[in-house]
Protein chains: 2
Amino acid sequence: MGETEFLFALRALAVDPGARGFLDDAAVMGDLVLTHDMIVEGVHFLPDDPPEDVAWKLVAVNLSDLAAKGAEPVGCLLGYTLGSADWNARFIVGLQDVLATYAMPLLGGDTVRANGTRSFGLTAIGRADRAPSRTGAEAGDALYLTGTIGRAGVGLNLLRSGQTGPEVEAYRRPRPRLAEGRALAPLVHAMMDVSDGLLIDAKRMADASGLAVTIDLAAVPAAGNTLEAATAGDDYELLVAAAPDTALPVPAVRIGQFAPGQGLRLVEAGSPVPLPPSLGWLHA
Amino acid sequence: MGETEFLFALRALAVDPGARGFLDDAAVMGDLVLTHDMIVEGVHFLPDDPPEDVAWKLVAVNLSDLAAKGAEPVGCLLGYTLGSADWNARFIVGLQDVLATYAMPLLGGDTVRANGTRSFGLTAIGRADRAPSRTGAEAGDALYLTGTIGRAGVGLNLLRSGQTGPEVEAYRRPRPRLAEGRALAPLVHAMMDVSDGLLIDAKRMADASGLAVTIDLAAVPAAGNTLEAATAGDDYELLVAAAPDTALPVPAVRIGQFAPGQGLRLVEAGSPVPLPPSLGWLHA
């Protein structure tokens with residue numbers, strides 16, 4: 001049973017409607033929103049990444065899932081694999097920083113030893129009166145994006161080439177759009193965060209909603225090359241489907257449109273643009 | 001920052017009262033009970049352990065934490081590190097089995113790849129009208145145990161010596177005392193599960209409650225040698241402090257008594273018994 005089959009098998013077990021078929025950013029149980037992400041050394045972070053930033057990112061990416069469901073943070077549980085004394089101490093500094101920044105209470109968790117690869121897990125719990133799913137986009141809806149994409153990708157490239165710049169911070173310390181998510185949730189038809197890349201995530205929303213989506217690259221606020229930015233991950237902006245006449249309460253740019261049909265199409269200044277070979281970051 | 005200091009630092013961050021200072025089996029938030037346990041290859045399970053049993057145990061130990069707070073399971077989130085195709089398929093079988101046995105909905109989670117040691121996390125969420133803590137034992141309370149201890153320890157010894165027997169099942173497929181926990185919760189002063197060994201866990205309850213506890217070894221229902229059983233872990237019975245005149249609604253044996261003071265004392269047929277060098281399984 002490979003990864004794809006395993007995920008299908010998990011979905012088959014997740015019969016509770018709150019699981020949303022494992023296809024949404026988070027599970028929803030009454031007014032509770034629940035999400036769990038794991039990060040693995042050598043895969044999601046490197047042994048020489050600053051531990052403060054690893055802690056920040058672990059919490060921030062889970063908070064971004066809450067933001068995508070319009071939820072307010074109510075608590076988290078941490079699964080931690082012990083490292084060196086210095087690593088542990090620096091992780092605590094970053095953890096304290098991110099928890100305080102987003103008023104996220106630490107409620108519990110587990111601390112373990114490992115003789116090899118370390119990994120961490122975080123469960124974030126939030127509360128939302130109404131948690132929009134990815135599946136609710138309607139034909140005729142506009143697609144909106146809350147900020148600039150591609151900054152994290154630029155930051156990663158800087159790091160890889162041994163350089164630095166303000167975008168490194170965007171990569172290492174993403175800022176979940178919690179306030180924006182809460183303001184948008186009551187007004188939108190569908191919402192998700194952009195974690196793997198704008199194109200792949202927009203296509204996921206369209207697929208989940210049984211619709212086609214067209215993105216106008218000229219409209220996308222991007223750092224650097226637009227097509228590169230649109231396929232880079234780790235930006236954690238919000239992607240929203242809403243009726244085109246809805247007045248959105250937070251800054252968001254209209255970048256596309258849903259229509260009957262299926263698939264993703266790109267245009268730029270009215271002309272079709274071929275899809276790039278990869279729409280984003282595919283990962284387990 | 002070593003393990004002990006790290007745990008102190010985490011506790012200092014866990015200021016929310018629901019975190020219970022990281023000293024209880026689970027966090028409590030309103031009527032929600034939340035717990036997260038991780039297991040690591042080579043530490044908590046071995047690569048050649050049956051994957052079905054690894055899945056069972058991962059879920060069962062978290063359910064036992066819910067049981068200890070009198071909670072009914074409402075959902076769980078799984079953090080899974082992919083293994084071989086065969087391992088994945090067999091894990092799913094065990095997962096399906098344990099989720100169905102305890103009517104535990106799978107709500108979400110994350111699946112990752114690792115290039116080395118694999119680890120798994122499970123977050124279990126339950127609901128309880130009243131979740132007794134470990135801290136509530138009162139002087140004069142009796143200490144009760146819901147079943148026989150030491151069976152898992154006997155099972156582990158059988159496995160280590162290449163033998164088999166009914167106790168192997170007790171070790172590999174612990175049975176969380178969910179029904180018992182729910183029935184006991186409204187009536188008791190303190191409750192916890194016995195995961196690391198009867199002696200160490202009883203001492204923890206006494207310490208948390210600011211009391212001394214005396215256990216009568218002659219009264220302890222044990223598989224094999226009583227002192228060995230009382231220091232073996234993985235039994236997942238419930239340990240309860242209740243007024244001695246409380247009629248308990250489920251089978252439980254009175255094995256000791258709380259009194260003012262501190263520490264753990266052992267007696268057998270009225271005579272003091274020296275404490276063994278290790279009271280149970282200490283682990284991260």
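Convention: sequence-line order gives letters A, B, ...; per-chain numbering from 1. We use all heavy atoms of the structure for the numbers below, so side chains are in, but hydrogens, waters and symmetry mates are not.
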Can you name the nearest heavy-atom pair linking [X] to [Y], along with the distance?
{"X": "B:D110", "Y": "A:M38", "value": "OD2-N, 2.8 Å"}
{"X": "A:T117", "Y": "B:G116", "value": "OG1-CA, 3.1 Å"}
{"X": "A:L107", "Y": "B:A27", "value": "O-CB, 3.3 Å"}
{"X": "A:A85", "Y": "B:G2", "value": "CB-N, 4.4 Å"}

May I ask you to name which of [options] has the most heavy-atom pairs under 4.5 Å with chain B?
{"options": "A:D86, A:L95, A:V15, A:L10", "answer": "A:L10"}
{"options": "A:T35, A:L77, A:N115", "answer": "A:L77"}
{"options": "A:M29, A:R20, A:E5, A:E41", "answer": "A:M29"}

Contacting moiety of [X], where chain B heavy atoms sit under 4.5 Å:
{"X": "A:F22", "result": "side chain"}
{"X": "A:L7", "result": "side chain"}
{"X": "A:I125", "result": "side chain"}

(message) Using 30° and 60° as the class boundaries, would you call the ring planes of A:H36 and B:H36 parallel, tilted or perpendicular?
(response)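 Tilted: the ring planes of A:H36 and B:H36 meet at 30° to 60°.
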(request) Assign the ring pair B:F6 / A:Y80 to parallel, tilted or perpendicular, where the plane angle (0 to 90°) is split at 30° and 60°. (result)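 Rings of B:F6 and A:Y80: parallel, as their planes differ by under 30°.
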(request) Look only at the side chain of A:D16 and the backbone of B:P105, and say whether a donor-acceptor pair between them is shorter than 3.5 Å. (result)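 No; zero donor-acceptor contacts below 3.5 Å.
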(message) I'd like to know if the side chain of B:N88 reaches the main chain of A:M1, judged simply by a donor and an acceptor atom lying under 3.5 Å from each other, with no hydrogens or angles considered.
(response)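 Checked: pair present.
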(message) Heavy-atom count check: over 12 atoms from other residues, nucleotides or ligands less than 6.0 Å from A:D49 CG?
(response)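 Enclosed.
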(request) Could you tell me whether A:D31 atom CG has more than 12 heavy atoms of other residues or ligands within 6.0 Å of it? (result)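 It does: A:D31 CG has more than 12 such atoms within range.
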(request) Would you check if A:V43 and B:V112 make a side-chain contact, meaning some heavy-atom pair closer than 4.5 Å? (result)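 Side-chain contact under 4.5 Å: no.
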Interchain contact, [X] with chain A, by part (heavy-atom threshold 4.5 Å):
{"X": "B:L34", "answer": "both"}
{"X": "B:L32", "answer": "side chain"}
{"X": "B:V74", "answer": "both"}
{"X": "B:S119", "answer": "both"}

I'd like to verify something: which residue of [options] has the highest number of heavy-atom pairs under 4.5 Å with chain A?
{"options": "B:A9, B:G18, B:G108", "result": "B:G108"}
{"options": "B:L99, B:T81, B:I39, B:D37", "result": "B:D37"}
{"options": "B:G79, B:A100, B:G121, B:S84", "result": "B:G79"}

(request) Quick one: pull up CD in A:Q96 and CG in B:L13 and give me the separation to the nearest 0.5 Å. (result)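 Interatomic distance, A:Q96 CD to B:L13 CG, rounded to 0.5 Å: 5.0 Å.
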